[in-house]
Number of protein chains: 2
Amino acid sequence: MAYTVGQVARAARVTVRTLHHYDEIGLLRPGGRTPAGYRRYDEADLDRLQLIRYYRELGFPLEEIAEILDDPDSDPVAHLRRQHELLSGRIGKLQEMVAAIEHAMEARTLGIQLTPEERFEVFGDFDPDEHAEEAEQRWGDTEAYRQSQERAGHYSKEDWLRNKAENEDWGRRFVALMDSGAPADGPEAMALAEEHRQLITKWWYDCSYEIHTGLADMYVADPRFTAYFETLRPGMAAYLNEAIHANAITRA
Amino acid sequence: MAYTVGQVARAARVTVRTLHHYDEIGLLRPGGRTPAGYRRYDEADLDRLQLIRYYRELGFPLEEIAEILDDPDSDPVAHLRRQHELLSGRIGKLQEMVAAIEHAMEARTLGIQLTPEERFEVFGDFDPDEHAEEAEQRWGDTEAYRQSQERAGHYSKEDWLRNKAENEDWGRRFVALMDSGAPADGPEAMALAEEHRQLITKWWYDCSYEIHTGLADMYVADPRFTAYFETLRPGMAAYLNEAIHANAITRA
DNA sequence: GCTTGACCCTCACGCAGCGGGAGGCGGGAG
DNA sequence: CTCCCGCCTCCCGCTGCGTGAGGGTCAAGC
């Protein structure tokens with residue numbers, strides 16, 4: 001069974017030009033040609049093109065793909081296996097990016113300023129030694145700097161004010177609940193935790209129970225977030241953390 | 001607080017040249033310059049660069065990023081929100097690709113040939129009508145074609161033979177179990193299901209319980225896979241499916 | 001006050017990975 | 001025999017930087 005460039009292009013969702021290019025640079029030479037010079041692709045070519053597409057999707061340069069594919073030491077299965085790993089890695093990285101976005105959004109709502117490193121942390125590993133030491137000199141006394149910048153955030157719009165009002169209203173009711181002595185895993189605390197989750201969903205993004213517990217853990221893990229809640233009411237970070245977890249468990 | 005190009009470049013994990021480029025094309029103009037002409041970046045520039053990096057990671061061209069960022073109708077939060085959605089979408093797509101890879105690997109182990117469309121299905125939506133009708137003419141009578149190609153697979157190597165032997169051994173024992181009249185959710189069936197999972201892990205990729213049940217469902221959903229198991233022993237596809245599910249539930 | 005080394009500046013050319021068009025041949029349907 | 005679509009081979013253009021060349025700058029140390 002042989003296919004023309006156009007057929008292959010449509011099936012593989014690439015342009016004819018791309019196939020020409022791959023032919024030119026020797027990455028994917030069609031199995032043969034017709035007397036008139038038309039390219040004829042066979043099954044083996046499709047196999048190869050499939051692998052090429054996956055490697056491209058993963059960001060490999062064409063030359064490197066050619067090397068990988070022409071390596072006699074790796075059979076077709078090895079490629080699939082490898083791509084499986086690479087894809088899993090990519091997914092993990094993207095999930096980190098999602099977490100970073102959530103972190104950034106949460107920081108904004110509370111008016112907390114992130115350090116330059118934190119903003120870009122997710123974009124790659126860099127020498128942690130270099131970081132730990134240089135950070136102090138390069139970005140100044142970060143803690144003091146943060147304090148000064150805190151709540152200086154980047155507000156905008158009118159919605160923003162309503163959002164803030166709703167948040168503060170929720171905060172007052174939450175503090176009142178704590179003062180009442182109600183348990184953190186009781187129905188009232190869980191109700192307010194749920195309301196918190198829905199406030200996030202309403203104003204920011206679709207906050208699942210999983211994401212919500214992730215945020216809750218950050219509230220007690222990241223000192224700046226902890227500090228924020230502790231200023232509202234001592235013990236609030238831990239109390240809120242427990243309430244969110246209790247809520248997530250019973251609702252999910 | 002102002003930063004030099006070098007500082008920003010290190011923090012954001014881009015090159016100085018890239019920042020120069022962004023300045024040139026107007027995508028990211030530094031907040032100011034020193035008397036000597038040195039670029040000085042401020043916090044707002046870092047904010048913007050962070051967004052740029054995320055959009056780039058998502059494959060947006062620079063010009064489009066500029067448009068998006070300079071759109072007065074979308075505040076900073078809207079960007080984060082948007083990126084959150086886009087990232088989630090990307091993750092979903094990659095997960096489909098992983099599933100496709102697993103599908104391809106499984107097809108290979110059983111010597112089943114995929115159609116050209118199936119190979120590239122994951123790379124984008126295309127008109128399903130066009131597909132359903134044209135597929136028949138363009139790729140020939142697919143069912144007959146598949147039959148003829150079945151088991152003509154792409155074998156290689158020596159490991160391959162050992163793998164095959166182990167698989168067949170497992171198959172014999174599984175058929176024997178079925179003949180014994182043991183229930184599909186009984187301990188022996190679950191033990192063989194577990195062994196199946198570990199064979200995949202040993203020879204192909206790390207097969208979690210989740211992936212395993214996904215495969216099991218494919219065995220009864222995709223007629224070609226069903227056919228394969230049914231030739232070994234009528235009723236085997238459904239029986240194996242149940243065993244795998246039972247195993248996954250009790251072990252996980 | 002002078003050197004040194006790390007950092008900054010502005011051109012300017014180059015390269016990958018195609019996009020897109022020009023100009024021309026091939027082939028099957030009518 | 002003609003029409004039209006699909007194929008062919010140049011070839012120029014674009015994006016997103018990499019990589020110097022050639023030359024100023026600034027903080028540190030002597």
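Sequence lines set the chain letters: A, B, ... in the order given, protein chains first and strands last, and positions in each chain run from 1.
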Problem - Any-strand Watson-Crick or G-U partner of dC2(C), both distances under 3.5 Å - result: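 Paired with dG29(D).
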Practice task
Flag the pair L62(A) / R56(A) as yes when at least one side-chain heavy-atom distance between them is below 4.5 Å, and no otherwise.
Solution key: yes
Practice task
List the atom of R53(B), the atom of V14(B), and the distance in Å for their closest heavy-atom pair.
Solution key: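 Nearest pair, atom of R53(B) first, then V14(B): CD-CG1, 3.8 Å.
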Problem - Terminal contacting nucleotides, 5' and 3', DNA chain D versus chain B (heavy atom, 4.0 Å) - result: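 Counting from the 5' end, contacts occupy dG16(D) to dC26(D).
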Problem - Rounded distance (nearest 0.5 Å) linking atom CZ of R39(A) with atom OG1 of T4(A) - result: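 Going from CZ on R39(A) over to OG1 on T4(A), the span is 11.0 Å.
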Handout entry: Closest-nucleotide ordering on DNA chain C, the 5'-leading residue of A36(B) and L62(A)
Key = A36(B)
Exercise for the section: Please figure out whether H21(A) or T34(A) has its closest DNA chain C nucleotide nearer the 5' end. Expected result: H21(A)
Fill in the blank from the handout: Result for 5'-nearest mapping on DNA chain D, choosing between P35(B) and E63(B), is E63(B)
Problem - Any Y38(A) side-chain nitrogen or oxygen under 4.0 Å from OP1 or OP2 of dC25(C) - result: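 Looking at the OP1 and OP2 atoms of dC25(C), neither is under 4.0 Å from any side-chain N or O of Y38(A).
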Exercise for the section: Establish, with yes or no, whether the OP1 or OP2 oxygen of dC8(C) is under 4.0 angstrom from a side-chain nitrogen or oxygen of R33(B). Expected result: no
Exercise for the section: Report the distance from atom CG of L27(A) to atom P of dG17(C), rounded to the nearest whole Å. Expected result: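 The answer, rounded to whole Å, is 9 Å.
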Practice task
Send over the distance from R39(B) CZ to dT10(C) P, rounded to a whole Å.
Solution key: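 Rounded to whole Å, this separation is 4 Å.
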Protein N or O to nucleotides 19-21 of chain C N or O, pairs below 3.5 Å:
{"from": "dG19(C)", "atom 1": "OP2", "to": "T15(A)", "atom 2": "OG1", "distance (Å)": "2.6"}
{"from": "dG19(C)", "atom 1": "OP2", "to": "T18(A)", "atom 2": "OG1", "distance (Å)": "3.4"}
{"from": "dG19(C)", "atom 1": "N7", "to": "R17(A)", "atom 2": "NE", "distance (Å)": "3.4"}
{"from": "dG19(C)", "atom 1": "O6", "to": "R17(A)", "atom 2": "NH2", "distance (Å)": "3.2"}
{"from": "dG20(C)", "atom 1": "O6", "to": "R17(A)", "atom 2": "NE", "distance (Å)": "2.6"}

Problem - Stacked cation flag R197(B) on Y209(B), 6.0 angstrom / 45 deg - result: yes
